[in-house]
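What follows is one structure encoded as structure tokens, with my remarks underneath.
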Amino acid sequence: MEARASTSPSPQRPASMGRGGGGGGGGGDASAALSFIYRGWREVRDSASADLRLMRARADSLRTLADRELEHLLVSASTTVAAPAPPVAAGAPIAEVEFVRNRIQPKISELRRQYAASGDWELGLGRRVLEGWVAPPPPRGATTARVDLSGITAIRNALVPEVAGGGGASTAWWSGDEMEEEEEKEWEVVRMIRGGLKELERRSQSSGEILGGIPGPSELVEKFKSSLKSFNMEPLGSKQSGVKESSAFKGTMPLSLTGGPMEVPPLDLTEIMANLVRQSGPFLDQLGVRRELRDKLVETLYSRQNHSLSADSSLLGDDNSTDELDLRIASVLQSTGYHTDDGLWNEPSKYEVSDNKRHVAIVTTASLPWMTGTAVNPLFRAAYLARNSKQDVTLVVPWLCKSDQELVYPNSMTFSSPEEQETYIKKWLEERLGFESNFKISFYPGKFSKERRSIIPAGDTSQFISSREADIAILEEPEHLNWYHHGNRWTDKFNHVVGVVHTNYLEYIKREKNGALQAFLVKHINNWVTRAYCDKVLRLSAATQDLPKSIICNVHGVNPKFLKIGDKIMADRENGQQSFSKGAYFLGKMVWAKGYRELLDLLDKRKSDLQGFKLDVYGSGEDSQEVQSTAKKLNLNLNFFKGRDHADDSLHGYKVFINPSISDVLCTATAEALAMGKFVICAEHPSNEFFMSFPNCLTYRTPEEFVARVNEAMAREPQPLTPEQRYNLSWEAATERFMEYSDLDKVLSQPVTEGVHRSKTRRTIQSNLSDAMDGGLAFAHHCLTGSEVLRLATGAIPGTRDYDKQHCVDMGLLPPQVQHPVYGW
């Protein structure tokens, strides 16, 4: 009574009563709350009941519509032609129409009745099959129309697999002998329909025109595909043990009826949790969690989902949720376009070699049109290594965004795509080679550092070399490439890793503020990374830092174009023509560290001894203004010109090349001048040791000797190069030295089936203490470079642990979050 009374409205009590201490006030509040809850529940119940009634009415309407449209389709298909074309006689029955009317229509009606009696799933079947398919009435006055064979074929191909796939679901409502009889009867009907449609299609191909009033082929097929698009992807009821796995479905991914990939929803939280639990198996085992309980948890989490892949799995009759989850993850990855060559499952294929050829990847820190040694020399090395048919060669160079290209490349030259820059590089090389180059060019993301005046890799450089081609790696400037390297260990991914040291970084750093301290730190970091990431290190000269696993050898040659210029000059001399009409010159990037400070000091100290001596200087760079103003202040007899290619015609007439630089490791310009038959005056320094064996190379140790060498060179003609000297300067000889001193000839000479696994076997089975220490150093470096704070503290460019959005746009890369998701698999 109290509950019923509380439903009627009551006058509002005064505020004082609401706060009173009497029991009557509290009972009134409780009654009001219960009344409010009851009214809300009743409204929800009534609304739900109305919605259910509306859903039933709509389902009945759709079912009736499906039956009517199917009958309309069959009636329109069986309509006889008003005036049949010859050779059929007027009024004669058409065999195909009679077949449709007498054989197919009764069987389809029987199938429709069976599916109509089997419940909600068959109702969904009729709705999805005929949704949106309303056959237009036959046009008035139409006498002939070509048979819509593609529509009939599509009906047959779609109907038979659905009946076959749904057989297990429909027969689940019977048991025992009745189930077997119904299955046999149903399959007999299917076979009759299939055979009849095949016969109709075959006979109609020769008859041409027999039926009218059927929609055109494209309209019929498109409507049928659109009506079945969702039908093929939805779950088909519970799994049945009697449904056998079809080889047609085995190993396939979900596809839409149009043949393209279907839209796959992303992984949700429960699927991520299921995958996390599955991958945490070893850890859960340590905690005492049984495997059965873990599998049950994975199945429970994943079974909450209702994705399209589950439908395919139910067709297969596979109860293993782990396999379904694997397929689900694979479908999501495939839909994003992501693929990876690395991973646990294809780890052995990393070291497989196809076509009995080895793969050499040359990774460098610069690229044309930046005319620097690390851009030019690796390019020629790739071209000459690729001449050997034993190996395929890939040159991997940095790609800079346009903002960085404007800072680095001369004459404001920029490229809009890596393909455009690759075309420029190949064209430049072909103009200087005497043969066609046969190697690939690949790019990795890089950023230009103004402070260091060099390019720093962004992200893991090794990932841009396919694991199937990860055989031999040549790291041009290995210390530079690995200062901030945060990715795969090179010696783990590649069988043999060779580092080539180009630059004397310690000499450059000592010239900066707090240079001694910085040089001390960089020296030990260089030792660290080269030991951790290289099998062998080649130093171009003794001017470089003494690194672990290193040996000294000049493995660089000169551009063949300079040797041809030298041959031409020698031929002119033999013909009595004047070879050199100009005096001395210096060429190099105009920064103080490239020898300009030493040059100005020498000329200033011995200005009185070099009266009348003029020197032309060619170069451009960051210190151009300061160098020229200093020379003017010292009143030196120098003529400054913009930088240009050393092979330029305007430089052929000079007889003496002066290079006082002691910061170079192996000056390329010095080798080019010797190749052209000129005198070279340089310091007696470890960086010039290779050139001292050439008679035209004049070295000095003091300013007095410098003056003597200048006077000697200006007073006589240089000697012609002997064939042996000419060959020692060539890239053919440099490549031979490289193959020998890097042990590459031994690696390539080993049989493919045995040699390919040599390094991996040595590191994993016969590891010694040194290998273990190298691995520990690599692991520690990987951990430290993963911290953005430590990277910035040591001078890294912000955001270079991964490539940025602009690199993704320019190079067509997936974002780093997709390449390396937090929840790995």
Side-chain angles (χ1 to χ4, degrees), residues 366 368-377 408-413 428 431-432 453 558-559 561-562 564-566 568-569 579-604 610 612-664 666-683 687-688 691 696-698 706 709-710 713-714 718:
L368 295 179
W370 190 9
M371 298 299 297
T372 183
T374 52
V376 176
N377 291 309
V408 177
Y409 299 151
N411 303 322
S412 300
M413 186 181 299
W428 184 93
E431 292 174 353
R432 288 156 177 81
R453 295 172 180 172
V558 297
N559 186 335
K561 191 172 184 178
F562 294 102
K564 294 179 181 178
I565 295 173
K568 181 178 180 300
I569 291 175
S579 303
F580 302 107
S581 58
K582 300 179 182 179
Y585 73 107
F586 174 61
L587 178 141
K589 185 177 181 181
M590 199 167 291
V591 293
W592 285 114
K594 286 292 186 180
Y596 284 90
R597 192 175 302 279
E598 291 85 352
L599 177 64
L600 297 186
D601 289 344
L602 285 171
L603 295 179
D604 182 50
L610 295 172
F613 176 72
K614 295 181 180 181
L615 183 67
D616 295 338
V617 179
Y618 294 86
S620 303
E622 295 86 347
D623 298 331
S624 298
Q625 297 275 344
E626 190 176 353
V627 170
Q628 295 183 35
S629 62
T630 303
K632 186 176 181 181
K633 188 183 301 182
L634 296 175
N635 195 23
L636 300 178
N637 197 0
L638 297 177
N639 300 317
F640 290 94
F641 302 92
K642 288 186 177 181
R644 62 192 64 181
D645 192 340
H646 204 176
D648 192 86
D649 293 341
S650 60
L651 302 179
H652 294 178
Y654 287 99
K655 182 172 67 171
V656 181
F657 175 72
I658 295 178
N659 181 18
S661 174
I662 57 174
S663 63
D664 289 325
L666 188 79
C667 184
T668 304
T670 300
E672 293 169 349
L674 288 174
M676 289 188 287
K678 304 177 186 294
F679 275 123
V680 171
I681 299 176
C682 58
S687 61
N688 298 317
F691 306 122
N696 291 334
C697 178
L698 308 178
F706 172 75
R709 296 303 184 189
V710 170
M714 298 299 294

Within the side chain of Asn377, is there an N or O that forms a donor-acceptor pair under 3.5 Å with the backbone of Gly373?
yes
Check the surroundings of atom CD in Glu431: do more than 12 heavy atoms from other residues, nucleotides or ligands lie under 6.0 Å from it?
yes
What one should report as the nearest heavy-atom pair of Tyr596 and Met590 is CE1-CA, 3.4 Å
Which distance, rounded to the nearest 0.5 Å, do you find between the CD1 of Ile662 and the CZ of Arg597?
11.5 Å
To the nearest 0.5 Å, tell me how far Leu587 CG sits from Ile658 CD1.
13.0 Å
When you check the side-chain N and O atoms of Ser650 and Asp648, is any donor under 3.5 Å from an acceptor?
yes
What is the distance from atom CD of Gln628 to atom CG of Leu636, rounded to the nearest 0.5 Å?
12.5 Å
Who are the side-chain contact (heavy atoms from CB on, under 4.5 Å) partners of Asn639, not counting sequence neighbours?
Asp616, Phe641
Report the C-alpha separation of Lys561 and Asp645 in whole Å, then their side-chain angles, then the decisive distance to 0.1 Å, and conclude whether the salt bridge (charged side-chain N to carboxylate O under 4.0 Å, His left out) test is met.
CA-CA 12 Å; Lys561 191 172 184 178; Asp645 192 340; 5.7 Å; no
Mind checking whether Leu666 and Phe691 have side chains closer than 4.5 Å, heavy atoms only?
yes
Distance, nearest 0.5 Å, that separates SG of Cys682 from CG of Asp664:
10.5 Å
Do Ser661 and Glu598 have side chains that approach each other closer than 4.5 Å (heavy atoms only, starting at C-beta)?
no
Short question: side chain of Asp623, backbone of Trp592 - any donor-acceptor pair under 3.5 Å?
yes
Met371 and Trp428: which non-hydrogen atoms are nearest, and at how many Å?
CE-CZ2, 3.8 Å
Here the pair of heavy atoms bringing Phe657 nearest to Ala669 is CZ-CB, 3.8 Å
Using a 4.5 Å cut-off on heavy atoms from C-beta on, say whether the side chain of Tyr585 contacts that of Lys678.
yes
Rounded to the nearest 0.5 angstrom, the CG-CG distance for Leu615 and Leu599 is 6.0 Å
Would you check if Tyr618 and Tyr654 make a side-chain contact, meaning some heavy-atom pair closer than 4.5 Å?
yes
What are the two closest heavy atoms between Ile569 and His652, and how far apart are they?
CD1-O, 4.1 Å
Can you find a pair of side-chain heavy atoms, one from Leu603 and one from Leu610, that are under 4.5 Å apart?
yes
Heavy-atom pair with the smallest gap, counting every atom of Val558 and Glu672
CG1-N, 4.0 Å
Taking the side chain as C-beta and beyond, is there a heavy-atom pair between Pro410 and Pro369 under 4.5 Å?
yes
For the backbone of Gln625 and the side chain of Ser629, can you confirm whether one donor and one acceptor N or O come within less than 3.5 Å of each other?
yes
Side chain to side chain contact (heavy atoms under 4.5 Å, CB included) assessment of Cys667 paired with Ser687
CA-CA 8 Å; Cys667 184; Ser687 61; over 6 Å; no
Short side-chain to backbone donor-acceptor contact, Asn688 and Ala683, under 3.5 Å
yes
Heavy-atom closest contact (Met714 atom, Gly583 atom, distance)
CE-CA, 3.9 Å
Could you go through the side chain to side chain contact (heavy atoms under 4.5 Å, CB included) check for Leu638 and Lys632 one step at a time?
CA-CA 8 Å; Leu638 297 177; Lys632 186 176 181 181; over 6 Å; no
Check whether any side-chain heavy atom of Arg453 sits under 4.5 Å from a side-chain heavy atom of Val591, and report yes or no.
yes
Drop me the distance from Lys582's NZ to Leu651's CG, to the nearest 0.5 angstrom.
7.0 Å
Quick check: does any side chain N or O of Ser620 sit under 3.5 Å from a backbone N or O of Gly643, one acting as donor and the other as acceptor?
yes
With a 4.5 Å heavy-atom cut-off, do Thr668 and Val376 have their side chains touching?
no
Going through the distances and angles, do Ile681 and Val656 end up as a side chain to side chain contact (heavy atoms under 4.5 Å, CB included)?
CA-CA 7 Å; Ile681 299 176; Val656 181; 3.7 Å; yes
